[in-house]
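Take a look at the structure set out below.
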Amino acid sequence: MKTFKTTILLFFAMALSVQAQTADEIIANYFENTGGLENWTNLKGLKTSGVGIQQGFEFPIGAIQLKDGRQLFSANIQGKEFKQQVYDGEVLWSTNFMTMKAEKSDAEQTENFKLNTNDFPDPFIDYKAKGYTVELLGKETVDGAETFKIKLIKEPIMVDGTQEDDISFYYFDTENFVPIAVETKITSGQGKGKTARSIMSDYQEIDGLYFPHSTSQYIDGAVVFSMNMESFELNPEVEENTFSFPEEMTEEKK
């Protein structure tokens with residue numbers, strides 16, 4: 001009888017272990033361990049600042065993301081401010097590094113970007129309601145850490161006029177259930193066709209939510225950019241014109 005009971009207990013332990021390793025369970029554990037799904041869902045905006053590192057050169061960087069989709073990334077290099085991936089709700093634009101002029105993205109890039117604006121602060125929030133699918137692909141070691149590899153398929157995007165699935169691979173640490181890497185395929189620009197991977201680390205608590213403070217971006221295995229974030233402001237107050245395309249400024253420089 002004792003052996004039978006032990007066998008039953010082992011069976012249930014194994015069953016629970018398998019259940020805990022489904023994609024839904026991993027995602028649920030992730031939100032639970034980083035502040036709770038309700039708190040993440042209630043987040044209206046995020047403003048961050050820190051230091052960017054590229055080819056050994058350090059410079060100030062900042063970012064603003066709002067739940068309505070508006071966002072921007074900025075860098076101050078040798079006293080000049082460059083803004084990238086700025087979206088005001090309709091127009092997507094960036095500063096040209098050569099001319100210092102604001103330039104609008106083409107229609108395809110803009111439409112693809114719009115599809116991702118409902119992902120703040122995390123694409124896994126209400127992913128089923130958004131029509132996304134997830135698949136647990138097993139375990140994989142990333143930088144010495146054992147991870148669960150989850151495939152996320154979002155709404156299709158357009159690449160050179162052809163519709164393609166928008167696929168990302170997330171690597172969740174098996175101990176804390178936080179994502180420590182994200183992998184995607186670059187679909188435009190000079191790196192088109194190459195594999196991009198972001199490595200996240202140094203998770204710290206900010207007003208009840210946990211954010212990675214250090215991120216390194218790789219293309220085909222080579223690091224191209226790193227950033228260490230030093231300040232986080234949740235639900236910031238942002239002026240309406242922060243994301244606006246500078247029409248008058250562009251005309252004056254012509």
Side-chain angles (χ1 to χ4, degrees), residues 40-54 57-123 125-126 130 154-155 157-161 166 184 186-192 196 198 206-207 209 211-212 215 217 224-225 227-254:
W40 280 110
T41 302
N42 291 334
L43 185 63
K44 305 300 182 184
L46 180 65
K47 183 177 181 180
T48 59
S49 63
V51 177
I53 307 168
Q54 191 168 34
F57 180 66
E58 298 186 0
F59 47 89
I61 59 173
I64 301 174
Q65 294 174 283
L66 301 181
K67 194 167 187 174
D68 63 12
R70 292 178 296 165
Q71 57 186 281
L72 67 79
F73 177 84
S74 64
N76 194 302
I77 302 176
Q78 296 181 339
K80 296 180 180 180
E81 184 182 35
F82 296 86
K83 293 183 178 180
Q84 299 294 303
Q85 298 290 288
V86 186
Y87 184 64
D88 65 1
E90 292 293 335
V91 177
L92 177 66
W93 62 276
S94 298
T95 305
N96 184 301
F97 283 98
M98 299 298 294
T99 66
M100 285 299 297
K101 293 181 180 180
E103 295 181 352
K104 296 180 181 179
S105 300
D106 62 34
E108 186 172 274
Q109 290 177 318
T110 302
E111 289 304 310
N112 289 339
F113 192 88
K114 285 182 180 180
L115 293 176
N116 293 319
T117 57
N118 62 348
D119 285 347
F120 178 87
D122 192 286
I125 294 177
D126 295 330
K130 292 184 286 191
K154 304 198 298 183
E155 299 169 277
I157 58 175
M158 298 299 293
V159 179
D160 296 333
D166 187 2
T184 60
I186 301 173
T187 58
S188 63
Q190 294 182 343
K192 183 178 179 179
S198 295
I206 304 292
D207 295 339
L209 297 176
F211 299 89
T215 302
Q217 298 175 346
V224 294
F225 180 66
M227 54 186 181
N228 296 317
M229 308 314 294
E230 300 172 343
S231 71
F232 288 74
E233 181 183 353
L234 276 56
N235 304 318
E237 293 186 5
V238 182
E239 294 183 5
E240 285 295 321
N241 64 353
T242 300
F243 310 93
S244 300
F245 183 78
E247 299 277 2
E248 294 183 3
M249 183 184 299
T250 304
E251 291 174 0
E252 289 174 0
K253 289 184 178 180
K254 288 182 178 180

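Between the side chain of Asn228 and the backbone N or O of Gly50, no donor-acceptor pair lies under 3.5 Å. Remark: the backbone N or O of Val86 is not paired with any side-chain donor or acceptor of Gln71 at under 3.5 angstrom.
Atom CZ of Phe97 sits about 11.0 Å away from atom OG1 of Thr99, to the nearest 0.5 Å. Atom NZ of Lys104 and atom OG1 of Thr110 lie 9.5 Å apart (nearest 0.5 Å). Summarising the geometry, atom CD belonging to Glu81 is positioned 13.0 Å from atom CZ belonging to Phe59; distances are rounded to the nearest 0.5 Å. To the nearest 0.5 Å, atom OG1 of residue Thr187 and atom CD1 of residue Ile157 are 4.5 Å apart. Taken from CE in Met227 to CD1 in Ile61, the straight-line distance is 5.5 Å, to the nearest 0.5 Å. Asp88 CG to Leu72 CG: the interatomic distance, rounded to the nearest 0.5 Å, is 11.0 Å.
Inter-residue side-chain proximity for Asn235 and Asp207 is flagged as unmet; no heavy-atom pair is nearer than 4.5 Å. Contact annotation: the side chain of Gln84 approaches that of Thr95 to within less than 4.5 Å [non-hydrogen atoms, C-beta and beyond]. Looking at Arg70 and Glu240, their side chains come closer than 4.5 Å, going by heavy atoms from C-beta outward. Using a 4.5 Å heavy-atom threshold, the side chains of Glu230 and Val51 count as touching. Looking only at side-chain heavy atoms (C-beta outward), Glu103 and Ser94 stay at 4.5 Å or farther from each other. Contact annotation: the side chain of Leu46 never approaches that of Ile64 to less than 4.5 Å [non-hydrogen atoms, C-beta and beyond].
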For this session: Carefully, step by step, assess Phe243 and Val238 under the rule side-chain contact (heavy atoms from CB on, under 4.5 Å).
Result: CA-CA 9 Å; Phe243 310 93; Val238 182; 3.7 Å; yes
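A pairwise comparison of heavy atoms in Ala63 and Phe73 identifies CB-CD1, 4.2 Å as the closest pair. Between Glu239 and Thr242, the shortest heavy-atom contact is O-OG1, 2.8 Å. The shortest heavy-atom contact between Leu43 and Pro121 is CD2-CB, 3.9 Å. Nearest heavy atom pair, residue Phe120 against residue Lys67, reads CD2-CA, 3.6 Å. Across every non-hydrogen atom of Leu115 and Glu155, the tightest pair is O-OE1, 3.6 Å. Taking every heavy atom of both residues into account, Ile186 and Gly191 meet most closely at CB-O, 3.3 Å.
Residues that satisfy the salt bridge (Lys or Arg N to Asp or Glu O under 4.0 Å) test with Lys192, not counting sequence neighbours, are Asp160.
Under the 6.0 Å cut-off for aromatic ring centres, Phe211 and Trp40 qualify, their centroids lying closer than that.
Surrounding CG of Asp126 are at most 12 heavy atoms belonging to other residues, nucleotides or ligands under 6.0 Å away.
For the 3.5 Å distance criterion, the side chains of Ser49 and Ser231 qualify, holding a donor opposite an acceptor.
Listed by first and then second residue, the salt bridge (charged side-chain N to carboxylate O under 4.0 Å, His left out) pairs that reach into residues 111-120 are Glu90-Lys114, Glu111-Lys114, Asp119-Lys130, Asp119-Lys154, sequence neighbours excluded.
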